[in-house]
Amino acid sequence: MESLFPDFRAGKSKDTISSPIKSSQLDKIKIIGGAQLNGIIPISGAKNCALKLMCASLLTGESVYFDNSPNSLRDMKSQVELLEYLGCVIKRESDVIAINASNIKTYIAPYDIVRKMRGSILVLGPLLARFGKAKVSLPGGCAIGTRPVDLHIKGLEELGAIITLEEGYINAKAPKSGLKGANIIFPKVSVGATENLMMAATLANGTTTLKNAAKEPEISDLGKCLIKMGAKIDGLGSDTIRIEGVKSLNGTHHSIMADRIETGTYIIAAGMAGGTVTLQNARISDLSAVLGHLCQAGIEVEQSGNNIIVSRETSRLQGVDIMTEPYPGFPTDLQAQFMAMLTIASGAGMVTETIFENRFMHVPELNRMGADITTQGNSAIVRGVEKLKGAEVMATDLRASVALVLAGLVAQGQTTVNRIYHLDRGYEDIVGKLGGVGANIKRVSSN
Ligand code: UD1
């Protein structure tokens, strides 16, 4: 790995990724629906893992290397911007990213960078653990609910941090002797809080136990990388994670797991459009709760080596009920896509969202395309229609945006999805990947 970046430690940050997406807020995607999908779609590394792994690199002064990294995503670029601001040297080439945090210059994560993406709150735990101080702006991200960070703050306080909130910033200081291991019981399951606390605890004095921890595969992947860096962690994938603090961590090389949400999105796309699609470098075991629902709806999914093969079993998909839950339950990040599928299924399906309170923003847009969806509180009844009709629609958050793309793939006529910059946050080359398997899809630049 080192040879990829021979002048790495001495040099300045360098970005050699070929043609990163240049997009404006006004770019659109146009789709003419009705094409079957056939062929191969490569699955990228998991965004929600990569963003946290980058923060983990702050825990050591040695270089860390990640491959299978979704480097062209807008969220990844935001995280690079933040880490470089802190003083990290970063090099990227193709799907490899190398980070060296030996020369951190500031412990302040400013509003202008953090507001773009919630994943940036994950610098808080590592900075505090390694340097004893951090000042991080309260984060932004998708507008899918209030999304507080109280669990992150309370957990760090239990590790001994003194935290104050000042003018929109979380100002955190560790005691002189460093963070101290503690027994932390989360009142609510949180992916981000589990990750922040797990990272902070790696360098704390003594043992930390995280109870009611989140069990998402991305957390286990982060934990595995931390273990390679010298951390002592057990219980990954269970609701009790135990971390024995160590004095320091070392550099490492880690290959980022496949993106299970991108995988699920393309499974649903193939099921809706028909045809046979092979998803390359994908893992169905991370989607076990979704698998049963897909099968019930009439989508056949089969693991073959490192690939997943998707086809539709029936001429028309069937309505199915889903309820989002923390892992291993049905992921909230696939709710909008599944709902897009239900709009054209035979019969009705009920969708219940239990994680975020404002995650039905795709509903009015899908209804503009002829869907029949009624919401009440955190549930939606989707009555399948024979055909959706192409329309101008507006993307409002990352997963809502991709749900509109899926609807466009099967709608009669042309669908124009506006404000696709949300998509650029989380889907690498979606136009190229869907176009490559036969979709009539193009990106229209506003320039
Ligand atoms: C992560 C994912 C996001 C996914 C979500 C749930 C990243 C970058 N994002 O977000 O794509 O939809 O997990 O699977 O990995 N909460 C609190 N207090 C807190 C923290 C969270 O009340 O301090 C609440 C949230 O508002 C939400 C619920 O807990 O209602 C779950 O949120 P959490 O699991 O923390 O999601 P994120 O880590 O933000």
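Numbering of ligands and ligand atoms starts at 1, following listing order.
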Spacing of CD1 belonging to Ile163 relative to CG belonging to Leu156, to within rounding of 0.5 Å: 5.0 Å
query: Can you check salt bridge (Lys or Arg N to Asp or Glu O under 4.0 Å) on Glu158 and Lys154, steps first, answer last?
result: CA-CA 6 Å; Glu158 287 181 62; Lys154 195 165 168 294; 3.2 Å; yes
- prompt: Is ligand 1 less than 4.0 angstrom away from at least one heavy atom of Gln79?
  reply: no
- prompt: Just how far is it from atom CD1 of Ile268 to atom CG of Leu294, taken to the nearest 0.5 Å?
  reply: 6.0 Å
- prompt: Are Arg260 and Glu218 close enough, and set up right, to give a salt bridge (Lys or Arg N to Asp or Glu O under 4.0 Å), and what steps lead you there?
  reply: CA-CA 9 Å; Arg260 67 191 167 104; Glu218 292 79 10; 2.7 Å; yes
- line: Contacts of Arg130 meeting side-chain hydrogen bond (donor to acceptor under 3.5 Å, both in side chains) (sequence neighbours excluded), chain-then-number -> none
- prompt: Taking only heavy atoms of Lys52, which atoms of ligand 1 are found under 4.0 Å from at least one of them?
  reply: 7 (C), 8 (C), 15 (O)
- prompt: What are the atoms of ligand 1, with element, lying closer than 4.0 Å to any heavy atom of Ile355?
  reply: 27 (C), 30 (O), 31 (C)
Per-atom contacts, ligand 1 versus His152 - under 4.0 Å to a heavy atom: 23 (O)
message: Contact between ligand 1 and Lys154 is defined here as a heavy atom of the residue under 4.0 Å from a ligand atom; is it met?
response: no
Contact summary for Ala109 and Tyr169, nearest pair of heavy atoms: O-CE2, 3.4 Å
message: I'd like to know if Pro148 contacts ligand 1, where contact means a heavy-atom distance under 4.0 Å to any ligand atom.
response: yes
message: Show the atoms of ligand 1 that are less than 4.0 angstrom away from any heavy atom in Asp150.
response: 17 (C), 18 (N), 19 (C), 22 (O), 23 (O)
